[in-house]
Amino acid sequence: HIAIETSDPSMDRRHCIINVQRNKQGKVKYTLRDAPSNTGTFLMNEILGDRDRVFINDGAVITLGATSILLSLEK
């Protein structure tokens, strides 16, 4: 778990889950899903469904409540 400190009252204590794994070729892959949260988790302004698990890439914008996070991967 990685905490994000915020004063955003619309962000749940446990809002979403980002999984980080390596595939068989050693490449890191990222998946996003809602925890579930009260206000929803958005990827590039599209709300995730209750059971959605989506791949995310460098530059993805994730919105939690009124807070947006940019996924920036170091190369």
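Sequence positions, counted from 1, serve as the residue numbers for this chain.
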* Test item: Asp12 side-chain N/O and Arg14 main-chain N/O as donor-acceptor pair under 3.5 Å -> no
* Asked: Are the side chain of His15 and the backbone N or O of Gly40 linked by a donor-acceptor pair below 3.5 Å?
  -> yes
* To do: Using the test side chain to side chain contact (heavy atoms under 4.5 Å, CB included), find all partners of Arg22 that sit at least two apart in sequence or belong to another chain.
  => Val28
* Structure fact -> Here the side chain to side chain donor-acceptor pair (under 3.5 Å) pairs for residues 40-53, sequence neighbours left out, are Asp34-Thr41
Is there a path of hydrophobic side-chain contacts, each under 4.5 Å between heavy atoms of I/L/V/M/F/W/Y residues, joining [Y] to [X]?
X: Ile69; Y: Met44; result: yes
X: Phe55; Y: Leu73; result: no
X: Leu43; Y: Val20; result: yes
X: Val54; Y: Val61; result: yes

To check you understand the geometry: which heavy-atom pair defines the closest contact between [X] and [Y], and what is its length?
X: Gly65; Y: Ser10; result: CA-OG, 3.3 Å
X: Leu48; Y: Leu32; result: CD2-O, 3.7 Å
X: Leu71; Y: Asp58; result: O-OD1, 3.4 Å

* Reported CZ-to-SG distance for the pair Phe42 and Cys16, which is rounded to 0.5 angstrom -> 12.5 Å
* Please examine the side chains of Ile18 and Ile62, heavy atoms only from C-beta on, and report whether any two atoms are closer than 4.5 Å. => yes
* To do: Could you point out which residue of Asn38, Thr63, Thr6 forms a side-chain contact (heavy atoms from CB on, under 4.5 Å) with Met11?
  => Thr6
